[in-house]
Amino acid sequence: MVMATTISIYASPPSSVCSTPHQITDLDLTSRNLSTSPQKLGGLSSLFSGKGDDFSSLRSDVDYKDLTFTTSSSFCYSPARLVGSSYHRRESHQSPISVFHGPVSCSCSPPMRSFHGGSHRVGANGLFNRFVRKAVGSCVDYELGSDELTFPMEDGSDTRQPYARDLLRRAQLRHKIFEDESVIKAFYEAEKAHRGQMRASGDPYLQHCVETAMLLANIGANSTVVVAGLLHDTMDDSFMSYDYILRNFGAGVADLVQGVSKLSQLSKLARENNTACKTVEADRLHTMFLAMADARAVLIKLADRLHNMMTLYALSPVKQQRFAKETLEIFAPLANRLGISKWKVQLENLCFKHLYPHQHNEMSTMLEDSFDEAMITSAIEKLEQALKREGVSYHVLCGRHKSLYSIYSKMLKKKLTVDEIHDIHGLRLIVNNEGDCYKALGVVHSLWSEVPGKLKDYITHPKFNGYQSLHTVVMDNGTVPLEVQIRTQEMHLQAEFGFAAHWRYKEGDCKYSSFVLQMVEWARWVVTWHCETMSKDRTSICSSDSIKPPCKFPSHSEDCPASYKPNSSQDGPVYVIVIENDKMSVQEFPASSTVSDLLSRAGTGSSRWSMYGIPAKEELRPRLNQKPVSDLKWKLNMGDVVELTPPIPDESLPEYREEIQRMYDQGLAFSRPGTMVGWGS
Ligand SMILES: Nc1nc2c(ncn2[C@@H]2O[C@H](COP(=O)(O)OP(=O)(O)OP(=O)(O)O)[C@@H](O)[C@H]2O)c(=O)[nH]1
Ligand SMILES: Nc1ncnc2c1ncn2[C@@H]1O[C@H](COP(=O)(O)OP(=O)(O)OP(=O)(O)O)[C@@H](O)[C@H]1O
């Protein structure tokens with residue numbers, strides 16, 4: 001739920017605070033934090049003032065407020081930084097009215113013509129599409145080649161769809177990017193594409209598109225990503241084609257929408273097969289998602305999933321469970337890898353609530369009083385003043401509440417009671433140099449009493465992975481433990497992007513090949529680059545050699561080892577989805593493997609040769625991305641889907657023949673004389 005904080009000019013994100021005298025340079029696209037920055041906020045400030053539907057049990061649950069890019073999840077406050085900051089500019093775009101909650105009012109609802117539920121893909125069958133288009137009365141024919149927009153752009157002139165105008169106006173009040181010409185154009189295209197479609201919640205489908213785009217806008221995504229966010233479902237759930245999007249919005253947007261569509265298909269496949277419950281395969285899926293699509297497509301998919309999770313109540317309990325499981329296993333870790341910990345926290349807490357309602361309730365009740373935002377903000381103020389008094393300057397001072405799910409996981413993992421978790425409240429201080437780390441530690445210990453045995457000096461004794469920081473736990477008001485982490489900017493960047501990166505620390509990095517590590521690093525940079533903080537802060541970030549990206553951003557040089565591009569030649573493995581006997585698996589193959597290599601691994605291992613002179617396994621009749629494979633030397637690419645159809649056993653052949661004959665006869669009976677129906681097309 002949303003918490004009001006007196007000091008947050010970030011319109012009070014839920015559970016964190018932050019103060020930065022100079023400039024926030026970290027790239028943690030995180031969550032619920034409070035921070036203070038005397039000079040400039042590097043973090044985003046675009047905020048929602050709305051809040052999650054029924055997530056009121058705890059403030060650590062979803063709220064739509066900020067998705068700050070600031071140092072790990074922070075509430076930021078500082079009088080100085082208000083002046084001329086980008087923050088200020090953005091804040092003026094905030095509105096107290098949420099576009100997200102509650103259905104669009106009845107008076108302006110779109111016409112109901114719902115055919116939602118199936119996915120009618122474009123291009124697979126033109127005849128079929130035209131038929132369905134007619135049948136469902138879709139008002140748009142995307143294959144006609146019209147580049148013209150069929151909606152009036154002028155405000156007020158689109159009298160046909162007042163609900164849409166209303167939705168757009170509300171979105172514009174919340175974020176300036178919705179006034180961008182390309183975004184308005186995309187909005188109306190999405191409206192046209194989804195007209196008449198409703199969500200299970202009863203809301204117009206368009207609302208989901210806007211909410212997805214809004215989530216993206218709030219983490220600072222640029223207009224290309226926001227436009228693609230608005231159109232993200234058009235290829236799957238309407239008849240808009242890749243070419244149409246290309247003509248109207250350019251290749252950048254069309255590729256992103258196609259990327260999201262592919263991710264949606266894979267995710268559906270994985271969900272139906274419960275693939276993600278196997279750790280190894282879930283891990284391959286994360287990697288595959290990042291590798292096969294532009295990292296920004298993953299970002300859009302994550303926003304889409306986050307909004308779907310926020311409205312999960314509208315689905316049946318069975319579906320709720322399925323979505324929540326997949327989200328916890330695939331999407332929350334992806335958000336973590338991309339450094340968007342605000343989304344990760346929201347996704348995890350929502351999954352927690354749906355998958356373990358009993359434990360969630362218990363923890364919510366137990367921690368209701370502990371999640372005291374005022375405590376963090378006052379601790380920050382206290383430390384800020386003391387640092388000023390002692391002449392210790394700093395970059396960032398921020399705080400956060402540990403999320404409900406993170407507390408629960410830590411209790412399980414370390415077999416602790418809630419009272420034994422000392423970092424439910426945490427502060428992080430980023431200073432200029434090592435000497436200041438120790439000075440600041442002295443200041444902290446002079447303000448609060450130290451909990452014996454909890455001081456850790458990872459600066460003098462770095463962790464094996466290179467992680468450096470000072471940690472201490474002190475007692476606030478003599479009763480509440482407060483963890484304080486103190487580090488330099490370089491140490492912080494190492495902790496976010498280097499070998500000691502937080503996602504690896506959380507996941508345990510030993511299992512990753514350098515390929516995966518490079519890819520995640522690249523994806524994080526891409527995502528960050530396309531969001532606001534990165535473009536502002538890259539100079540200072542790149543000043544540290546240890547975490548310097550291998551070449552100049554945004555584009556890597558051709559020979560850069562970290563320049564992962566989908567389908568480019570890579571030494572790393574490829575992950576391929578194999579569907580055999582109706583079972584899906586995610587398999588790893590060395591780079592440059594072929595369909596033939598896959599076949600040699602598949603099946604039950606018959607080594608006999610068929611009458612055509614190819615091994616019997618080729619009788620598995622492989623289909624690659626839905627097309628029969630004609631050349632077994634075809635190279636496998638990341639994210640390929642290979643279906644293997646087992647040979648028809650000899651004894652079943654007569655039965656099959658009879659069945660085919662029956663279908664054939666029926667087909668002829670229903671068709672016009674001389675026309676073949678269903679066969680040979
Ligand atoms: N990025 C990153 N953060 C780390 C790493 N190690 C520790 N941290 C951070 O530091 C916090 C405390 O770590 P430690 O002081 O080592 O504490 P611990 O031994 O894990 O046990 P607790 O005191 O129960 O948290 C963690 O919760 C992380 O936020 C690391 O390798 N990488
Ligand atoms: N003391 C702190 N002050 C500010 N931010 C913190 C602090 N400790 C962790 N964070 C940040 O909060 C986010 C959520 O971390 P979370 O509480 O889930 O795990 P953790 O504390 O890092 O690890 P663990 O649960 O293993 O102790 C991360 O971005 C992390 O960097």
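Atoms within a ligand are numbered from 1 in the order they appear, just like the ligands themselves.
In this structure, SG on Cys398 lies 8.5 Å from CD on Gln485, to the nearest 0.5 angstrom.
Contacts between Val484 and ligand 2 below 4.0 angstrom, taking non-hydrogen atoms only, are absent altogether. Residue contacts with ligand 1, taken as heavy atom pairs separated by less than 4.0 Å, do not involve Leu416 at all.
The protein heavy-atom contact nearest to atom 5 (C) of ligand 1 is Tyr505 CD1, 3.4 Å. If you check which protein heavy atom lies closest to atom 32 (N) of ligand 1, you get Ala500 O, 2.8 Å. The nearest heavy-atom contact from the protein to atom 9 (C) of ligand 1 is Tyr467 OH, 3.5 Å. With hydrogens left out, the protein atom closest to atom 23 (O) of ligand 1 is Lys454 NZ, 3.2 Å, a heavy atom. What sits closest to atom 29 (O) of ligand 1 on the protein, heavy atoms only, is Gln485 NE2, 3.3 Å. Looking only at heavy atoms of the protein, atom 12 (C) of ligand 1 is closest to Glu483 OE2, 3.5 Å. The single protein non-hydrogen atom nearest to atom 17 (O) of ligand 1 is Lys456 NZ, 3.2 Å, given as residue, atom name and distance. Regarding atom 16 (O) of ligand 1, its nearest protein heavy-atom neighbour is Tyr458 OH, 2.5 Å.
A 4.5 Å side-chain heavy-atom check between Leu397 and Leu383 finds at least one atom pair inside the cut-off. Residues His425 and His401 meet the side-chain proximity criterion, which asks for heavy atoms closer than 4.5 Å. Counting heavy atoms from C-beta outward, Glu483 and His422 have side chains that stay 4.5 Å or more apart.
Atoms of ligand 1 found under 4.0 Å from any heavy atom of Lys410, numbered from 1 in the order shown, are 22 (P), 24 (O), 25 (O). Heavy-atom contacts of Ala495 reach the following atoms of ligand 1: 1 (N) (cutoff under 4.0 Å). Ligand-side atoms of ligand 2 in range of Tyr505: 23 (O), 24 (P), 26 (O), 27 (O), range being under 4.0 angstrom from any heavy atom. For ligand 1, the atoms closer than 4.0 angstrom to any heavy atom of Lys414 are 18 (P), 20 (O), 21 (O), 22 (P), 24 (O). Applying the 4.0 Å criterion to heavy atoms of Asp423 picks out, from ligand 2, the atoms 21 (O), 27 (O). Near Asp423, with a cut-off below 4.0 Å to any heavy atom, the atoms of ligand 1 are 27 (O). Set against the non-hydrogen atoms of Lys402, the atoms of ligand 2 under 4.0 Å away are 16 (P), 17 (O), 19 (O), 20 (P), 21 (O), 23 (O), 24 (P), 25 (O), 27 (O). The contact set between ligand 2 and Lys410, taken as ligand atoms under 4.0 Å from a residue heavy atom, comprises 24 (P), 25 (O), 27 (O). Interface of Lys463 with ligand 1, defined as ligand atoms under 4.0 Å from a residue heavy atom, comprises 5 (C), 6 (N), 7 (C), 30 (C), 31 (O). Short contacts between ligand 1 and Asn465, defined as distances under 4.0 Å to a heavy atom of the residue, involve ligand atoms 30 (C), 31 (O).
Looking at ligand 2, you won't find any N or O of Glu496 less than 3.5 Å from one of its N or O atoms. In terms of polar-atom proximity, Glu483 is counted as a contact of ligand 2, with an N or O under 3.5 Å from an N or O of the ligand. Where the criterion is an N or O separation shorter than 3.5 Å, residue side chain and backbone included, Arg428 fails it with respect to ligand 1.
In this structure, a donor-acceptor pair under 3.5 Å is absent between the side chains of Gln346 and Glu348. Side-chain atoms of Thr460 and Asp457 include a donor-acceptor pair closer than 3.5 Å.
Relative to the ring axis of Tyr467, Lys463 places its NZ or CZ within 45° and under 6.0 Å from the centre.
The closest approach between a heavy atom of Glu420 and any atom of ligand 1 is not below 4.0 Å. By the 4.0 Å heavy-atom criterion, His471 is counted among the residues contacting ligand 1.
Across Ile486, Leu482, Leu427, heavy-atom proximity to atom 2 (C) of ligand 2 is greatest for Leu427. The option from Gln485, Arg400, Arg428 that lies nearest to atom 30 (C) of ligand 2, judged by heavy atoms, is Arg428. Residue nearest to atom 16 (P) of ligand 2, selected from Gly426, Gly399, Ser406: Ser406 (by heavy-atom distance).
Contact detail for Met309 and Cys351: the closest heavy-atom pair is CE-SG, 3.8 Å. Taking each heavy atom of Leu482 and Ala379 in turn, the nearest pair found is CD2-CB, 4.1 Å.
We find that Arg305 and Glu326 are joined by a salt bridge, their nearest charged nitrogen and carboxylate oxygen being less than 4.0 Å apart. Between Arg400 and Asp423, at least one side-chain nitrogen of the basic residue sits less than 4.0 Å from a carboxylate oxygen of the acidic one, meeting the salt-bridge criterion.
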**Message:** With side-chain contact (heavy atoms from CB on, under 4.5 Å) as the criterion, how do Asn432 and Tyr394 come out once you've worked through the C-alpha distance, each side chain's angles and the decisive distance to 0.1 Å?
**Reply:** CA-CA 6 Å; Asn432 291 324; Tyr394 63 92; over 6 Å; no
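Taking the centre of each ring, His286 and Phe289 stay at or above the 6.0 Å mark. With ring centers used as reference points, Tyr408 lies under 6.0 Å from Phe352.
Shown are Val345, Leu350, Asn349, Leu347; of these, the side-chain contact (heavy atoms from CB on, under 4.5 Å) with Tyr405 is made only by Asn349.
For Tyr438, the OH atom sits in a packed shell: over 12 heavy atoms of surrounding residues, nucleotides or ligands are nearer than 6.0 Å.
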